Amino acid sequence: MSDGHTGESGRRLRETRRRFLRAAGAVGVGGAAGLAGCAGSNVESTPESTGDTGGDTGGDGTESSETESTPMTDQTFVTPTTDVPKDMQFNPYGQQYPERVAFALFENLLYVNEATSQFMPGVLESWDIGDDAVTLSVRDGYTWHSGDAVTAEDVAFKLELEIHDGAALSNIVAAEDVSVVDESTVELGLKRSVADEVFLYSLKPIALDTPRDTFGEFLEAYRDDGEAPGLTELTIDEPNGTGPFRYVHARNQEMVADRFADHPDADQINFKRFRWDYLQSNQKQWQALRTDSVDGIDNVFTPTNIAESYGDHVREIQMPANWGMGVMFNHEHKHYGQQNVKRAIQYVIDREKLAQTAGGKMHVPVEVPSGLPGNFDGSYKDWLGDSLSDFDPYEPSTDKAARLLREAGFSKQDGTWVDADGETLSFPYKIPAGWNDWTAGGQSIVQDLNDFGIEASLNPSQSYWGDIYGNQDYVVAGLGWPDGKLYPYFSLNKLLNGFRSRTILKFPREVEVAPLGEPNGEKRTVEFESELEELAGLTGEAAKKKTQELAWVVNRHLPMAPLMEKLDQAWLTTDDWNTVTQDDEDAIVDWPQYYLPREGKLTAKPE
C-alpha cells in the first residue's frame with residue numbers, strides 16, 4: 001500500500017519542484033523580495049458581530065477575532081470574475097457553474113502542486129492505495145454551511161454521483177464498489193490496479209459541492225435507471241457549501257462571500273470577506289490591477305509591457321500549466337491525415353521563434369515532440385532516459401520537410417506544394433479569437449508555412465469551440481496538446497486514446513510503428529486502449545518503459561504537432577496583504593488566492 005504524504009516519491013517530486021523553480025527563474029521569475037507568510041497559530045478568542053453584509057458567518061454565528069500573530073481584520077479581498085455574478089448557478093453538472101468562485105465556497109477532496117504532482121489533503125486527510133481497494137480518510141472538523149457535519153457518507157455520495165456521471169474515476173471504480181466503513185472512512189473497490197498518481201488525479205477535480213438533500217433524487221435515479229433526467233438543468237442560486245467562505249449574494253456586477261468560522265482552517269484566515277467583481281476582458285483586469293481596484297487575479301495572461309506598468313507592490317506568481325499550443329490535424333482530411341504531411345509541418349515550424357513571438361517570458365518551445373510535458377524544467381527527460389537520443393527532435397529543416405512531401409507524392413509548382421491531382425496544400429489555421437499569445441504565435445506559424453510553400457492563413461474564430469467540439473468544422477487548428485498534468489500517462493492518453501483523439505482528431509485506434517530507436521526495424525501494432533490501460537497500472541521502471549514506447553508513437557505519428565508549453569500567471573498585491581513569494585511550495589497550488597488563505601499564507605495586514 002502507499003500513503004499520500006511521505007516517502008521516496010515525495011522527495012523525488014520535491015526535487016522536480018526545485019528544478020521548476022530554477023527553470024522559472026531563468027525565464028524571469030525571481031522578482032520581489034518576499035514577505036514570508038506571517039500567520040502563526042490562531043486561537044479562537046472574543047466572539048464578535050457578523051457585520052453588515054447580511055451574511056451569517058455560519059455555525060454558531062460567532063467569528064474568531066484577534067490573535068497575537070494574525071489580528072482579525074474587516075478587510076475584503078477583491079478579485080475579478082469573467083462569469084456574470086447574477087447568472088451563476090452552483091450545480092456542478094450544469095452550465096453556469098463558476099469554477100473559480102467554487103474554490104472559495106467548496107472544499108476539494110484534495111489539492112495538488114502541479115509542478116511536482118505532490119498531493120495535499122483537502123476533505124480527505126489521507127489515502128491508502130492498494131492493488132484491489134483504496135481507503136480514504138475524511139478529515140475531522142468539516143461542516144456544511146447549513147451547520148451539518150461533513151461525514152464519510154457525504155464523500156461516498158459525491159463519489160458515486162461522479163462515477164454515474166462519467167467522471168475519470170469511473171474508469172477505475174464502479175459505483176457499486178463505493179462503501180462507507182465508518183463516519184470518517186470510505187472504501188473503494190478497484191476495477192484494476194492503478195498508479196497512485198493516476199488514481200489521485202482522478203479525484204483532483206472533485207469538490208464536496210453536492211449536499212444530499214438537494215442531489216439525493218438524482219443519485220437514486222442513477223441507481224434505479226442508470227440515468228438522472230433533469231440533473232444538468234437543476235438551478236441552485238444559494239449554495240450550501242463546505243469551503244472557507246460562505247455565499248452572501250450575487251448581483252449584476254458582484255458576488256460576495258463571508259468567512260465561514262466553522263471551517264477547520266478558519267483560524268488561518270484573518271479577513272472577513274471575498275468579493276468578485278465582473279470584469280469580462282483581459283484589458284479590464286489589467287486596468288483593475290494597475291489602479292488597485294482588485295487585490296489579486298487567479299490567472300490572466302499579461303504581456304511584459306503591461307506587467308511593467310504595475311506598481312512594485314504587485315507580485316507575480318508563475319505556475320506551470322503543463323499545457324500549451326499544438327497543431328491539431330483532422331485525420332479524415334485526405335492531406336492532413338497523412339503521416340508524412342504532419343511530420344513535414346512539424347519540421348517547418350520554428351518552435352523557438354514561435355515561443356518568443358507568443359511571449360518568451362511565459363512560453364518555451366517543446367524540445368522533443370514526444371507527448372510529454374515538462375519542458376520548463378526538463379523533467380520530461382527523466383522519463384525518456386537513455387532513449388532520449390533516439391527521438392526525432394524535429395529541428396527546423398525545410399530540406400527534410402520537402403523530402404517527406406515528395407515521398408508522399410506532392411510536388412512544388414510556382415512556389416506552392418500541390419498533390420498528384422494538382423490540388424494545393426493549404427488550410428485556414430483556426431484558433432480561438434481574443435487569445436493574444438496564440439494570435440501572435442499563429443502569425444509566426446503561418447509565416448513559416450507560407451515561406452515553405454504551404455498556403456496557410458490565420459483564422460481567429462468567435463465560434464471556435466463550437467466548430468471544434470460541435471460542428472467539427474476545421475481542417476487544421478491550434479489546440480492544447482498536454483492534459484495539464486505533469487504525470488505522463490495523462491498527456492499520452494489524451495493524444496492517443498482520449499475523447500479528443502477518438503472524436504475530434506479522429507486518430508486511428510491502432511497504428512504500426514517500428515521499435516524505439518530502430519526506425520527501419522520490424523513494425524508492431526500498437527492498440528491504444530489496451531496499452532494506455534496497461535500504463536495506468538504500472539509504476540517504477542515498468543511505467544517508464546511503457547511511457548517511452550508510447551511517447552515514441554507520438555514522436556513518429558504526431559496525432560498533434562506539440563509546439564510550445566506555457567506558464568500561468570497569478571497576481572497578488574502586497575500593500576494591504578501579507579503573502580509569500582513563488583519560492584513557497586504552496587504558492588503554486590490552484591490558485592494562490594484560494595489555497596494560500598487555508599494555509600495562513602495570504603493574510604490581511606492590520607488596519
Side-chain angles (χ1 to χ4, degrees), residues 324-360 363-369 392-433 435-461 464 467-468 473-481 505 507 554-566:
M325 183 169 66
V327 173
M328 178 175 68
F329 305 104
N330 187 332
H331 285 78
E332 289 189 342
H333 192 278
K334 64 179 181 178
H335 291 156
Y336 304 104
Q338 295 185 42
Q339 188 175 358
N340 275 24
V341 175
K342 293 184 293 180
R343 298 190 70 209
I345 288 173
Q346 183 80 72
Y347 275 122
V348 169
I349 297 172
D350 185 335
R351 301 190 298 277
E352 180 71 40
K353 185 186 73 172
L354 163 64
Q356 288 298 318
T357 304
H363 299 82
V364 295
V366 169
E367 295 175 333
V368 177
D392 190 339
Y394 289 96
E395 293 174 351
S397 172
T398 53
D399 288 343
K400 289 182 178 179
R403 184 165 65 248
L404 284 167
L405 290 185
R406 290 193 181 96
E407 289 175 0
F410 292 85
S411 60
K412 206 167 188 179
Q413 298 180 8
D414 300 326
T416 301
W417 289 95
V418 298
D419 65 14
D421 297 325
E423 187 171 341
T424 302
L425 193 54
S426 63
F427 60 84
Y429 183 56
K430 186 170 283 190
I431 60 171
W435 290 26
N436 300 353
D437 50 344
W438 281 31
T439 298
Q443 291 167 345
S444 176
I445 292 170
V446 166
Q447 179 184 350
D448 287 344
L449 292 168
N450 285 335
D451 289 347
F452 175 66
I454 295 176
E455 293 185 351
S457 58
L458 192 61
N459 182 207
S461 170
Y464 175 84
D467 285 348
I468 300 299
D473 180 21
Y474 79 98
V475 176
V476 177
L479 201 62
W481 62 271
L505 302 180
F507 191 61
V554 172
N555 188 252
R556 302 299 296 174
H557 282 271
L558 295 173
M560 291 182 67
L563 299 179
M564 62 182 183
E565 207 173 312
K566 64 168 290 191

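Predicted model, so just to flag it, every value in this text is computed and none were measured. Just so you know, these numbers use all the heavy atoms, side chains as well, and skip hydrogens, waters and symmetry mates.
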Any side-chain heavy-atom pair of L449 and I345 under 4.5 Å = yes

query = Would a distance-only check, ignoring hydrogens and angles, find a side-chain to backbone donor-acceptor pair under 3.5 Å from D467 to D473?
reply = no

task = Applying side chain to side chain contact (heavy atoms under 4.5 Å, CB included), run through F507 and L558 and close with a yes or a no.
result = CA-CA 10 Å; F507 191 61; L558 295 173; over 6 Å; no

query = Can you name the closest pair of heavy atoms from K430 and S461 and give their distance?
reply = CG-CB, 4.1 Å

task = Taking all non-hydrogen atoms of both residues into account, name the closest pair between P365 and E352 and its distance.
result = CG-OE1, 3.4 Å

query = With a 4.5 Å limit on heavy-atom distance, are the side chains of Q346 and P369 in contact?
reply = yes

Shortest non-hydrogen contact from G359 toward H363 = O-ND1, 2.9 Å

inquiry  = Could you check whether any side-chain N or O of N450 sits under 3.5 Å from a backbone N or O of A456, counting only pairs where one atom can act as donor and the other as acceptor?
reply    = yes

inquiry  = In the structure I gave you, are the side-chain heavy atoms of F410 and H335 within less than 4.5 Å of one another anywhere?
reply    = yes

request  = Kindly write out the residues that satisfy salt bridge (charged side-chain N to carboxylate O under 4.0 Å, His left out) with D451, not counting sequence neighbours, or none if the list is empty.
outcome  = none

task = Side-chain contact test, heavy atoms from C-beta onward, threshold under 4.5 Å: evaluate it for V418 versus S411 and give yes or no.
result = yes

ask   = What's the spacing between E395 CD and E367 CD if we round to 0.5 Å?
value = 10.5 Å

task = Please assess L479 against Y464 for the test side chain to side chain contact (heavy atoms under 4.5 Å, CB included), listing each intermediate value before the final yes or no.
result = CA-CA 10 Å; L479 201 62; Y464 175 84; 3.1 Å; yes

ask   = Do F427 and H333 have ring centres separated by under 6.0 Å?
value = no

inquiry  = Looking at every heavy atom in both A358 and M564, which two are closest together, and how far apart are they?
reply    = CB-CE, 3.7 Å

message = Would you say that L505 contacts M560 through its side chain, given a criterion of any heavy-atom pair below 4.5 Å between the two side chains?
response = yes

query = Who are the salt bridge (charged side-chain N to carboxylate O under 4.0 Å, His left out) partners of D448, not counting sequence neighbours?
reply = K353

ask   = Which pair of non-hydrogen atoms, one from P460 and one from A433, has the smallest distance, and what is that distance?
value = CB-CA, 4.0 Å

ask   = What's the verdict on side chain to side chain contact (heavy atoms under 4.5 Å, CB included) for V476 and V327, showing C-alpha distance, side-chain angles and the deciding distance?
value = CA-CA 7 Å; V476 177; V327 173; 3.3 Å; yes

query = Should the pair K334-E423 be classified as a salt bridge under the 4.0 Å nitrogen-to-oxygen rule?
reply = yes

ask   = Heavy-atom distance under 4.5 Å between the side chains of I445 and L563, does that happen here?
value = yes

message = In terms of relative ring orientation, are Y394 and Y347 parallel, tilted or perpendicular, with 30° and 60° separating the classes?
response = tilted

inquiry  = Looking only at side-chain N and O atoms, does K342 offer a donor or acceptor that is under 3.5 Å from a partner on H331?
reply    = yes

query = Closest approach of T439 and L458, non-hydrogen atoms and distance?
reply = O-CD2, 3.7 Å

request  = Please answer whether the main-chain N or O of L404 pairs with a side-chain N or O of N340 as donor and acceptor at a distance below 3.5 Å.
outcome  = yes

inquiry  = F452 vs V348, test: side chain to side chain contact (heavy atoms under 4.5 Å, CB included). Steps then yes/no.
reply    = CA-CA 7 Å; F452 175 66; V348 169; 3.6 Å; yes

